[in-house]
2 protein chains.
Amino acid sequence: MIDVARKAGVSRATAARALGGYGRVSAATIAVVRTAAEEVGYRPNELARSMITGRTRTIGVVISDIENQFFTRVLRGASDVVRDHGYDLLLANTDEDAVAERQMVRVMNGKQVEGLIVCPVDPDEVDHLAETLSAGRPVVLIDRTVTALQLDSVGVDNRRATHDAVSRLISRGHRRIGIISGVQPRFLARALRQESSEPAPGETPSEGRLVGYCQGLREAGLGVDEALVVDGGFHSDQARQAARDLLSIPDRPTALLTTDSLLTISALQAIRNLGLKCPQEVSLLGFDDADWASLVEPPITVISQPAYEIGARAAEFLLARIADGGAASQTVQLPTTLIERGSVATIGPA
Amino acid sequence: MIDVARKAGVSRATAARALGGYGRVSAATIAVVRTAAEEVGYRPNELARSMITGRTRTIGVVISDIENQFFTRVLRGASDVVRDHGYDLLLANTDEDAVAERQMVRVMNGKQVEGLIVCPVDPDEVDHLAETLSAGRPVVLIDRTVTALQLDSVGVDNRRATHDAVSRLISRGHRRIGIISGVQPRFLARALRQESSEPAPGETPSEGRLVGYCQGLREAGLGVDEALVVDGGFHSDQARQAARDLLSIPDRPTALLTTDSLLTISALQAIRNLGLKCPQEVSLLGFDDADWASLVEPPITVISQPAYEIGARAAEFLLARIADGGAASQTVQLPTTLIERGSVATIGPA
DNA sequence: TTCCTCAGTGAGATCGTTCTCGCAACGTGC
DNA sequence: GCACGTTGCGAGAACGATCTCACTGAGGAA
């Protein structure tokens, strides 16, 4: 930059003004400085620029599993939106590790990101997010929410989604409906007490989906059979075993609900391993419309989340807050859609 | 930081030394400064730190399609490795747009990344990469290579992979083998002239795979029938149509090779739409082991790329170069593996 | 002419760190 | 007691940009 100024025969200040496009500079000077910059091969140092302007045009994204298609689609949505506004993404993958999440958020704050999009691992551990906020940087949550902080969040209405799905299964004649979800069995008691269709603060998507399942059954006057509610955990082995167990009980469910795509795969594999016919012997209704869902036999009926939209909206919220700060925090629940394919059978009246 | 120094009753320099862990400070002072920092809630500004040290501990990743499972796995590999070395990732998605790629690389350079992992859109357009290099920042290529620059690159031996796949099909009795790839038909003439098993500089993966296909046929003394080589393009509609056309010619191929997972999906759909039985009437052999490949009926036999490894190795190369600069550029080709499942039939001797 | 405004410019402060230097205090060896 | 290395610390420069302010000269109004 000092070379550019010398070559153009002006002061550093003027050269900077000409290239940075701020302050007052004559058109003639701009031209001279521009060509000088060209010759010298000048590349601005955004770090130095950021130091003084306080703007890095970088936003941090912290997600739990980058290999999950749901998150990559969210990421794509966010990426497209921020790019349109001249921002870049600093990416971190937590792998569901709360300690790692804290550390990554801290590092991002150190790097002066202007805001954070986070899918928090633990709804109750929010010190790092509170810190971010108190540093004047907005935080937008995706997919999940937290208890102790009032934050913008973008997700779906999990209770409604599974509630509707259960209702649909019931209308198709199903009475014994199993659910494989990623929640501890002891949560079931609490789920059964939930009356509201509003999600509880800090409720995980899995929990919300279990609640919706209970509510759907109750609405139809059916009870919740605890034997039909199983924990699929986080790994496919565990999920497959859970599905196999559930399908091996004497009074087997006629339909299975799975609360994420990994569980859906595992359930499908279990069904096949047991030699059961889907949907004739067991119906399957999954969460998330992965690309393979329409490819397998039978094509899977799913509850589809607008993942791209979630990412895009989250980014828009964040940018809006970066722009004008204020405004009360808002929780947006985007609509899910039930995509009927071939994995749900109609059962004649018993 | 100035507050911390005041609170601790030392100079800014000493406070900085105590917290930054450099220079000489007494243990007692460190303790005092630490607690002062704690009370004040001091968070270091990495930007300022980077300004003077010249190290940002950030590396840029530029890929073409973040929603492609191959790239997300590559990304995961790179992410894990750089994280272990205390680095972060700045991510950009080009969507196969060369102009966007140039701009993103420039921005990343502006943000002073310490190096770049790039999957370049155009092998001949490398000005932005040359600029990066001349700024003293290493560049490692993944999946693809470029013509005009000597750069580290990590990928697979595409010629060998399809060559072997074709040989396998031939050993299973196939003679008419079709290929759906993402290359212009006019490239075929050039592909046919390739003798070497070494990839040509700037050759795209699709092109390399087509060359390997030709070489595999030639090795078995079979000619390449131009009617069996079709361009699947980049979109699923076009790919499906291409597959449908190929399977509708009078002397239909008995086996189909597809050079990426999108093309494999499209081919599978076309096979089903035409009411053909796989593998009895048409065998299918795809590239890339997506999660659905083992789930569909029949499970697809694929050439699997070590995507995670590619990302991890690329990151390791980059970090090594950041650490000591020199060393001649190296091209690493990781081994592919042919995973046999159920989509390839054995044909009896005609 | 005189005064005022304002476009264009340069000098120097500034952002928040690290780095370079100099200085004082403290052994230690002779 | 003197020279010397070492430890601990502070003052100020440095990184590369932007921002503030004061200055000059041109143009317009009285």
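- Counting non-hydrogen atoms of other residues, nucleotides and ligands closer than 6.0 Å to CZ of R106(A) gives a total above 12.
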Summary of protein contacts for nucleotides 10-23 of chain C, nucleotide by nucleotide, where a base hit scores B, a sugar-phosphate-only hit scores S (4.0 Å, heavy atoms) = BBB-BBBBBSB---
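- For the residue pair D3(B)/Y42(B), the side-chain donor-acceptor check at 3.5 Å is not satisfied.
- Look at R57(A) and D88(A) and you find no salt bridge, because none of the NZ, NE, NH1 or NH2 atoms lies under 4.0 Å from a carboxylate O.
- Along DNA chain D, the stretch of nucleotides lying under 4.0 Å from any heavy atom of chain A spans, 5' to 3', dG16(D) to dT20(D).
- The pair R144(A)-E96(A) meets the salt-bridge criterion, since a charged nitrogen lies less than 4.0 angstrom from a carboxylate oxygen.
- A side-chain donor from one of K111(A) and T58(B) sits under 3.5 Å from a side-chain acceptor of the other.
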For residues 322-334 of chain B, run the donor-acceptor check on the side chains, cut-off 3.5 Å, and write out each pair with its distance to 0.1 Å, sequence neighbours left out.
none

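- Residue S50(B) is out of contact with every strand shown, counting any heavy-atom pair closer than 4.0 Å.
- There is a side-chain donor-acceptor pair under 3.5 Å between R137(B) and N109(B).
- When only modelled atom types and interatomic distance are considered, Y87(B) and R55(B) share a side-chain donor-acceptor pair under 3.5 Å.
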